Protein chains: 2
Amino acid sequence: MVQKRSPPPPRARPEAALLKSAKPQPAKPSPAAGAVPPKRRGRPRAYEPDVALSRALDVFWKDGFAATSLDDLSAATGMNRPSLYGAFGDKRELYKKTYESYRNRARARMGEAFAADLPLRPMLLRIYGIALDMYLSGEGGPRGCFTVMTATSEAVFDPDIRALVVSGLVEMDRFFARLFKIAQERGELPATADPQVLANLASATIHTIAIRARAQIPRAELEALVNGAVAVMAQG
Amino acid sequence: MVQKRSPPPPRARPEAALLKSAKPQPAKPSPAAGAVPPKRRGRPRAYEPDVALSRALDVFWKDGFAATSLDDLSAATGMNRPSLYGAFGDKRELYKKTYESYRNRARARMGEAFAADLPLRPMLLRIYGIALDMYLSGEGGPRGCFTVMTATSEAVFDPDIRALVVSGLVEMDRFFARLFKIAQERGELPATADPQVLANLASATIHTIAIRARAQIPRAELEALVNGAVAVMAQG
DNA sequence: GCTTATTTATACGAAGCGGTACATAAATCA
DNA sequence: TGATTTATGTACCGCTTCGTATAAATAAGC
């Protein structure tokens with residue numbers, strides 16, 4: 001293909017954002033935490049947006065952007081086509097939203113590991129364990145890393161999506177760099193070690209296990225690879 | 001998608017292989033090197049198979065399996081649809097053949113570097129230079145590594161293609177392992193170094209620059225990453 | 001010349017694609 | 001109750017998809 005069509009105007013619903021800025025404040029005193037059901041006006045939704053997005057993610061993650069049809073997404077989410085479109089925009093828009101939800105999920109899990117505040121070596125092993133859990137999950141076989149999938153899919157021709165991918169790569173590098181820097185300050189790494197270089201190697205290890213997982217290399221083999229890589233990165 | 005159709009019988013042309021084994025030997029004394037034009041019977045081809053395959057590779061490499069249409073392939077090769085089908089089989093078959101030609105090309109280039117028989121560090125730098133040349137090439141922007149593309153495309157649901165990918169990954173690991181082993185025997189690496197572990201790290205570095213290249217990270221940045229990785233792998 | 005072998009060229013067909021128009025259903029508001 | 005608002009369900013649109021049937025073109029063999 002030679003860049004078939006440019007993304008058409010997504011036609012987002014009004015969302016009343018403009019109206020809100022017109023009125024100084026709506027009548028209700030203050031919704032405090034927005035967790036209460038806001039008593040919407042028309043027919044209620046038959047789906048939960050978060051759940052639907054997660055189901056859509058499953059399909060995109062398994063098959064990639066181009067090989068996933070709206071029928072597939074419709075079947076996975078239980079929403080029919082017009083509802084899908086109304087809720088998330090067109091296929092590209094939906095893809096971006098699923099990718100963002102993936103990133104949020106991954107960030108949350110990595111954040112938990114980071115908060116555990118372990119020494120370098122067990123910390124790295126825990127992080128790679130989480131990554132392997134993600135990359136090997138999926139009913140239709142292991143799916144790898146969605147960032148890698150996105151980087152290699154035709155969706156990367158969309159500048160928005162490419163920007164998301166780049167930010168994902170950078171975020172991963174920074175995460176590992178922080179880790180190595182802390183370890184170095186604690187004396188777990190020699191002063192000569194370069195946290196940035198080690199972070200790139202750590203990201204590279206993430207990428208290689210994502211690719212190998214997708215090729216259905218068994219977990220034991222990936223764990224052996226990780227153990228070796230960690231031994232080099234947390235040298236000593 | 002949920003595995004739409006299984007690959008239909010490719011309907012390979014007879015190729016006279018069976019007939020050959022029936023006759024002990026054809027009448028002509030012996031074709032020696034097969035480089036002479038074999039004087040085929042019907043209308044001559046308007047294409048050169050190798051060139052056409054290379055053009056098809058360009059398209060698949062850029063867009064991936066699912067996003068590439070037969071029309072795209074037809075336009076790129078200059079062959080019309082029935083000729084394409086007659087020469088290479090259906091889309092999957094053609095994809096496999098392009099992937100094999102890619103592997104051959106990559107193997108040849110890496111083989112040249114290997115034959116140069118340099119010390120470890122310049123050898124690694126040369127290899128990564130070749131990889132960067134490949135991954136950053138392409139008229140429509142950098143294309144990354146075709147093995148990674150294939151591993152993440154839906155083509156991985158085809159067992160044949162998955163087997164090709166696995167063999168590609170293994171080949172890369174073995175190539176690097178041989179390199180590190182030789183270096184260790186020459187005393188360029190400490191005896192405690194594990195060539196297999198270093199090889200996996202070297203492959204991981206290949207994979208990470210392939211992904212980043214596809215996300216259009218500039219070459220200078222990728223070279224900096226490579227320099228850092230090589231410094232760690234060829235430690236000292 | 002005529003027959004046979006092989007390739008190209010045109011054009012078709014059934015299925016799938018992304019997206020949307022339109023009517024219907026289910027809720028709130030007056 | 002009836003008007004309004006929102007979401008759903010059906011059915012369709014024009015286009016693209018992969019693959020192939022069929023006829024024309026170009027070669028060798030006789």
Side-chain angles (χ1 to χ4, degrees), chain A residues 1-16 19 27-28 37-49 52 56 59-60 63-75 77-95 154-155, chain B residues 1-16 19 27-28 37-49 52 56 59-60 63-75 77-95 154-155:
Chain A
M1 71 143 219
V2 199
Q3 208 59 347
K4 262 125 196 176
R5 32 182 174 270
S6 56
R11 206 195 55 170
R13 265 171 311 135
E15 200 70 30
L19 295 174
K28 32 184 174 175
K39 204 146 206 182
R40 302 172 56 88
R41 190 96 136 70
R43 175 172 177 171
R45 292 194 178 109
Y47 63 90
E48 284 189 85
V59 186
F60 275 134
D63 293 332
F65 178 80
T68 299
S69 71
L70 285 186
D71 278 342
D72 299 331
L73 295 165
S74 194
T77 58
M79 302 164 65
N80 49 33
R81 212 108 40 101
S83 293
L84 259 181
Y85 201 87
F88 303 113
D90 70 3
K91 196 181 162 187
R92 296 187 106 82
E93 217 73 34
L94 174 54
Y95 188 87
E154 60 112 17
Chain B
M1 71 144 220
V2 199
Q3 208 59 347
K4 263 129 195 171
R5 31 179 176 273
S6 56
R11 206 195 56 170
R13 266 171 310 135
E15 200 70 31
L19 296 173
K28 31 184 174 175
K39 203 145 206 182
R40 301 172 57 88
R41 190 96 134 69
R43 176 172 176 170
R45 291 194 178 110
Y47 62 92
E48 284 190 83
V59 186
F60 275 135
D63 292 332
F65 178 81
T68 299
S69 71
L70 286 185
D71 278 341
D72 299 332
L73 294 166
S74 193
T77 58
M79 302 164 65
N80 48 34
R81 210 111 35 106
S83 293
L84 260 181
Y85 201 88
F88 303 114
D90 70 2
K91 197 180 162 189
R92 296 186 106 82
E93 217 74 34
L94 173 54
Y95 188 87
E154 59 112 18

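Below, chains carry the letters A, B, ... as their sequence lines are ordered, and counting in each starts from 1. Because the structure is a prediction, the values reported are computed rather than measured.
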DNA chain D: 5'-proximal contact among A:L84 and B:K91 (nearest heavy atom):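 It is A:L84 whose nearest nucleotide is closer to the 5' end.
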Nearest-nucleotide comparison on DNA chain D, the residue closer to the 5′ end among A:P82 and B:F65: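 Checking each residue's closest nucleotide, the 5'-ward one belongs to A:P82.
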Partners meeting side-chain hydrogen bond (donor to acceptor under 3.5 Å, both in side chains) with B:S83 (sequence neighbours left out): B:N80
B:R43: salt bridge (Lys or Arg N to Asp or Glu O under 4.0 Å) partners, not counting sequence neighbours: none
Residues forming a salt bridge (Lys or Arg N to Asp or Glu O under 4.0 Å) with B:R41, sequence neighbours excluded: none
Contact under 4.0 Å: [X] side-chain N or O vs [N] OP1/OP2:
X	N	value
B:S83	C:dT8	yes
B:S69	D:dT17	yes
B:N80	C:dT8	no

Measure from [atom1] on [X] to [atom2] on [N] and round the result to the nearest Å.
X	N	atom1	atom2	result
A:E93	C:dG19	CD	C1'	14 Å
B:Y95	D:dC18	OH	C1'	18 Å
B:R45	C:dT7	CZ	C1'	9 Å
A:D71	C:dA15	CG	C1'	12 Å
B:F88	C:dT7	CZ	P	12 Å
B:L70	D:dC18	CG	P	4 Å

What pairs of nitrogen or oxygen atoms, one from the protein and one from nucleotides 27-29 of chain D, lie under 3.5 Å apart?
from, atom 1, to, atom 2, distance (Å)
D:dA27, N3, B:R41, O, 3.1
D:dA28, O4', B:R41, O, 3.0
D:dA28, N3, B:R41, NH1, 3.0

Closest to side chain of A:Y85, choosing from D:dT20, C:dT20, C:dC17: C:dT20
Heavy-atom donor-acceptor pair, A:R81 side-chain to C:dG18 base, under 3.5 Å: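 For A:R81, whose side chain was compared with the base of C:dG18, there is a donor-acceptor pair (under 3.5 Å).
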Residues which pass side chain to side chain contact (heavy atoms under 4.5 Å, CB included) with A:L84, listed by chain and number, not counting sequence neighbours: A:L73, A:S74, A:T77, A:M79, A:F88, A:L94
Contact summary for A:D63 and B:E154, nearest pair of heavy atoms: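 The pair with the smallest heavy-atom distance is O-CB, 4.2 Å.
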Non-hydrogen side-chain atoms of A:R81 and A:D71 separated by less than 4.5 Å: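 In contact.
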Set of ring pair (Phe, Tyr, Trp, His ring centres under 6.0 Å) partners for B:Y95, sequence neighbours left out: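 Expected list: B:F60, B:F65, B:F146.
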